[in-house]
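These notes concern the structure reproduced below.
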Amino acid sequence: MIATGRATARERPSLKPIRLYEGRKIDAHAHIGDFGGWANVACDAGELLAAMRLYNVERSCVFYTDNSLVRKAAALHPREVAGFVWPDPRQEGAVALVHRALTEWGFRGIKLHPLVHAFLPDDEAVHPIMEEARRARVPVLIHSGHAPFSLPWSIAELAERFRDVRVVMLHMGHGHGFYIQAAIAVAKRLENVYLETSGMPMHSKIKEAVERVGEDRVMYGSDIPFHDPGVEMARVCAAGLTEAQLERVFYRNARDALGV
Ligand SMILES: [Zn+2]
């Protein structure tokens, strides 16, 4: 029997030059600050804003481990910078920090990095932070794609426990094919899970995510300064999405799901 139909059709090279999407954008994943050590990258508020102007990015979701830096940038540039608070959940005062950021500083959500701070997403220490997200009705962005702390299946445990909190899986599984597949499967199963595209190498998986998970649950992010925004945009633009889907992935989905 010859296998036919959508399910078995292979993605083929497009054989068309990439045309960057010129419409307005929201960057769901951006940083200001200094990342030394192995990464050896940095970005200040001026550089972030310049990069945003270059590519018609109206607003960026910005986070850094020194939250005061983000607070300052968000206060200076309230239209361009949406601050997200980045706590170490097991550190004393983490919940209070999150509460203050959401209620006093005008921050728009929470970012968690289980690998950097060495905790499993469903750790007990994370639960009160999720309660804060629930109370403030803000999203939680979680780094994904690195064992042992940030695998899609582990993030699913947390997202399943807090079904009424929007969880964005940053990097949608990142560089590992099986993790990317798992990220798509988790988002397909759990309606409160969204996928963000930065650092994930396969353009075809962006289209697959849009088709299998939903065109309202995939969003663009750059992860500047770790990645170049132009490169990250090019991958989305190579995915073979329709103009309407591009508008959603580059703008509307972040606006609606993240409230920025
Ligand atoms: Zn990042």
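FYI, side chains are in, hydrogens and waters are out, and symmetry mates aren't considered; it's all heavy atoms of this structure. Atoms within a ligand are numbered from 1 in the order they appear, just like the ligands themselves.
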The Zn ion (ligand 1) - closest N/O/S atom in His29: NE2
Asp223: its N/O/S atom lying closest to the Zn ion (ligand 1) (atom name): OD1
Contacts of Arg189 that satisfy salt bridge (charged side-chain N to carboxylate O under 4.0 Å, His left out) - sequence neighbours left out: Glu160
Main-chain N/O of Ser222 paired with His227 side-chain donor or acceptor, under 3.5 Å: yes
Under 2.8 Å: N/O/S of His31 next to the Zn ion (ligand 1): yes
Charged N-O contact under 4.0 Å between Glu104 and Arg100: no
Lys/Arg-Asp/Glu bridge criterion (N-O < 4.0 Å) met for Glu247, Arg252: yes
